[in-house]
Asker: 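Sharing a structure here in structure tokens format.
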Amino acid sequence: MSRAASAPFPPDRRGVAAFRGTTGGRAGGARAVTRTLSDDPLGGTVRRTVLPSGLRVLTEAIPTMRSVSFGIWVSVGSRDENGPQAGAAHFLEHLLFKGTHKRNALDISSAIEAVGGETNAFTTKEYTCYYARVLDEDLPLAIDVMCDLVADSVLTPADVETERGVILEEIAMHDDEPGDEVHDLFTRAVYGDHPLGRLISGTEETVTPMTRRQIQSFYRRHYTAPRIVIAAAGNLDHAAVVKLVRQALRGTPLDTDPASPAPFRAATPAVRTKPVTTLVEPKETEQAHVVLGCPGIDRLDDRRFALGVLNNVLGGGMSSRLFQEIREQRGLAYSVYSYASQYADSGLFAVYAGCAPGKVDEVLDLTRTELARVAADGLTEAEVARGKGMSKGSFVLGLEDTGSRMSRLAKGELLYGDLMPVDELLARVDAVTVDDVNDLAAELLGRPMSLAVVGPFGESDFAA
């Protein structure tokens, strides 16, 4: 079992630095509990407070910044929908910006834009995030606005109908982007009717009949305090952020009786995947889009560090084997890369290529040959060293802004139940050996591969 899975709420490595938050609302006499998680030399001081309601607040104080990124993360995504609800989480993400009991849609957007800030949101298969980035002096405003829209949206019938039209247009626009569509097609090839195989946006058939009552029920059932993590990074004071969050949520549906935080999503039982499948979406496109891949490993698997190294060497950059072989040496494709997706109880590993329709067979043959070669012969010590350097560099360079640091806090809490210090994560990458990578390559790349294709083809074109 991985370190992240062993202790959902681990003891403080440096000792508990308690901050006794003031109480209020329906939480009675319960107290907030605060811990200092790290004083990272590569970052700032990270603190975590559990409010009486079970809602968690994590911050990273970086005094050298003049901005703050503030995010509200909810442990619910498209995989938490049943069939008729498909698209509800994404529908709700749109609707929460339409108005609350205190603000209409214009009030929400203009309040943040008036101070030069920005807001946005996104829905994934396992969580939803609402965030704002503002100057440090405008953080109180951002907290008040974002907490208001997540906790107390109205979801009027008129807004539901307006956003239904917007989402249907978004779905249609997605269908016009074959380079995006092919990844969803591949996911369906692997997961079939399982919620992980469905579109995050839902489809026209599920979004069109969805009622306000269904969306409202989804909202109140899943947007509960124990399932919410609030994260902020930048020039801030943790105690002040906690106080502002409590004030903003007081009297809202998230101001609830004492409860414990929800545990991170369980990793068992493992998701069943489909037998090897080929799916073709016939479209008269100028370019063919293909994804070839197989089930991978889940995000709590300790081999995820070796997988990152393998992915970098195989198809993670311009120096990767696939890029060099297919684009640089043969000029068969403009874009070719590999990638890994990881969920609580499953994962994917795949290779994407976009090429002229007449070159699809050659591209697929070369891809399969390279995967088989790495499965059989492994990578060299020099390649593994390069892949480790890429992993470490991309991670550290990705922490150069407050938004990525805020995301790191929230994902650590929501997805792993722990925040791995930067130095420890780099050490875990350094500890990956050539044998670790090659053993994983032999297992993963030796698996039968499913195929997804979008382009001017029919199913029979790939029958072999």
Side-chain angles (χ1 to χ4, degrees), residues 2-4 10 12-14 35-49 56-73 117-122 124 126-127 129-136 138-139 142-143 146 229-238 241 264 299-300 302 304-309 311-312 316-317 337 339-342 385-432:
S2 74
R3 177 178 170 279
D12 178 17
R13 295 182 180 84
R14 304 177 62 257
R35 291 174 175 170
T36 298
L37 299 185
S38 71
D39 260 333
D40 200 318
L42 295 179
T45 301
V46 177
R47 291 191 172 91
R48 172 183 182 270
T49 292
R56 289 151 283 174
V57 181
L58 288 91
T59 69
E60 183 171 11
I62 312 172
T64 57
M65 297 282 192
R66 283 303 314 272
S67 67
V68 178
S69 291
F70 177 83
I72 303 177
W73 299 66
E118 57 186 16
T119 61
N120 213 330
F122 59 88
T124 73
E126 296 189 323
Y127 55 87
C129 172
Y130 304 82
Y131 64 92
R133 187 181 182 203
V134 294
L135 297 178
D136 49 9
D138 298 314
L139 179 58
I143 292 175
M146 300 305 291
V229 170
I230 288 178
N235 187 22
L236 53 80
D237 175 75
H238 179 81
V241 171
F264 62 91
R299 66 166 166 263
L300 294 180
D302 281 330
R304 65 189 183 273
F305 301 100
L307 177 60
V309 174
N311 181 61
N312 287 336
Y337 57 84
Y339 65 93
S341 299
Q342 293 167 301
R386 187 175 78 244
K388 289 161 68 170
M390 292 172 68
S391 290
K392 294 190 296 181
S394 63
F395 175 73
V396 174
L397 293 176
L399 296 179
E400 294 296 313
D401 65 87
T402 58
S404 59
R405 288 183 174 273
M406 179 271 289
S407 296
R408 175 174 171 260
L409 299 181
K411 288 180 180 179
E413 182 72 26
L414 267 188
L415 306 184
Y416 298 96
D418 191 9
L419 182 67
M420 186 179 293
V422 172
D423 284 344
E424 184 173 343
L425 189 145
L426 297 178
R428 294 288 293 272
V429 175
D430 272 331
V432 171

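Computed from a prediction, not measured in an experiment: that's the story for all the values here.
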Asker: Between CZ of Arg56 and CD of Glu413, what distance do you get to the nearest 0.5 Å?
Answerer: 4.5 Å
Asker: Does any part of the side chain of Ile230, heavy atoms only, come nearer than 4.5 Å to the side chain of Ile143, both counted from C-beta?
Answerer: no
Asker: Test side chain to side chain contact (heavy atoms under 4.5 Å, CB included) on Val422 and Phe395 and set out the steps.
Answerer: CA-CA 9 Å; Val422 172; Phe395 175 73; 3.9 Å; yes
Asker: Assess the residue pair Val134 and Phe70 against the criterion (side chain to side chain contact (heavy atoms under 4.5 Å, CB included)); give the C-alpha distance rounded to whole Å, side-chain angles, the decisive distance to 0.1 Å, and a yes or no.
Answerer: CA-CA 8 Å; Val134 294; Phe70 177 83; over 6 Å; no
Asker: Show the nearest heavy-atom pair for residues Met406 and Ala231, with the distance to one decimal.
Answerer: CG-O, 3.3 Å
Asker: Return the OG1 to NE2 distance between Thr45 and His238, rounded to the nearest 0.5 Å.
Answerer: 11.0 Å
Asker: Kindly indicate whether the side chain of Ser69, heavy atoms from C-beta on, has any atom under 4.5 Å from the side chain of Arg405.
Answerer: no
Asker: Calculate, to the nearest 0.5 Å, the distance between atoms OG1 and CG belonging to Thr124 and Leu415 respectively.
Answerer: 8.0 Å
Asker: Sequence neighbours left out, what passes salt bridge (charged side-chain N to carboxylate O under 4.0 Å, His left out) with Lys392? Give chain and number order.
Answerer: Asp430
Asker: Return the minimal non-hydrogen interatomic distance between Phe264 and Leu414, and the atom names on each side.
Answerer: CB-O, 3.1 Å
Asker: Roughly how far, to the nearest 0.5 Å, is CG of Asn235 from OG of Ser67?
Answerer: 8.5 Å
Asker: Check side chain to side chain contact (heavy atoms under 4.5 Å, CB included) between Leu135 and all other residues, then give those that pass, not counting sequence neighbours.
Answerer: Glu137, Asp138
Asker: Would you call the rings of Trp73 and Tyr127 parallel, tilted or perpendicular if under 30° counts as parallel and over 60° as perpendicular?
Answerer: tilted
Asker: Arg408 side chain to Met420 main-chain N or O, any donor-acceptor pair under 3.5 Å?
Answerer: yes
Asker: Using modelled atom types and a 3.5 Å cut-off, is there a donor and acceptor pairing between side-chain atoms of Arg48 and backbone atoms of Leu58?
Answerer: no
Asker: List the residues meeting salt bridge (charged side-chain N to carboxylate O under 4.0 Å, His left out) with Asp237, not counting sequence neighbours, and say none if there are none.
Answerer: none
Asker: Using every non-hydrogen atom in the two residues, find where Ala61 and Pro63 come nearest and quote the distance to one decimal.
Answerer: O-CD, 3.5 Å
Asker: Is a side-chain donor or acceptor of Asn312 paired with a backbone partner of Gly308 at a separation under 3.5 angstrom?
Answerer: yes
Asker: Do the non-hydrogen side-chain atoms of Arg299 and Lys411 ever get within less than 4.5 Å of each other?
Answerer: no
Asker: Would you sort out whether Leu236 and Met65 count as a side chain to side chain contact (heavy atoms under 4.5 Å, CB included), showing the intermediate values?
Answerer: CA-CA 9 Å; Leu236 53 80; Met65 297 282 192; over 6 Å; no
Asker: Excluding sequence neighbours, so at least two apart, what forms side chain to side chain contact (heavy atoms under 4.5 Å, CB included) with Asp401?
Answerer: Ser404
Asker: Donor-acceptor pair, distance only, cut-off 3.5 Å: does the side chain of Glu60 make one with the backbone of Gly44?
Answerer: yes
Asker: Please enumerate all residues that pass ring-ring contact (aromatic ring centres under 6.0 Å, His included) together with Tyr339, with sequence neighbours excluded.
Answerer: His183
Asker: Mind checking side chain to side chain contact (heavy atoms under 4.5 Å, CB included) for Asn120 and listing every partner two or more places apart, or none if nothing turns up?
Answerer: Tyr131
Asker: Could you walk me through whether Thr402 and Val68 pass the side chain to side chain contact (heavy atoms under 4.5 Å, CB included) check?
Answerer: CA-CA 6 Å; Thr402 58; Val68 178; over 6 Å; no
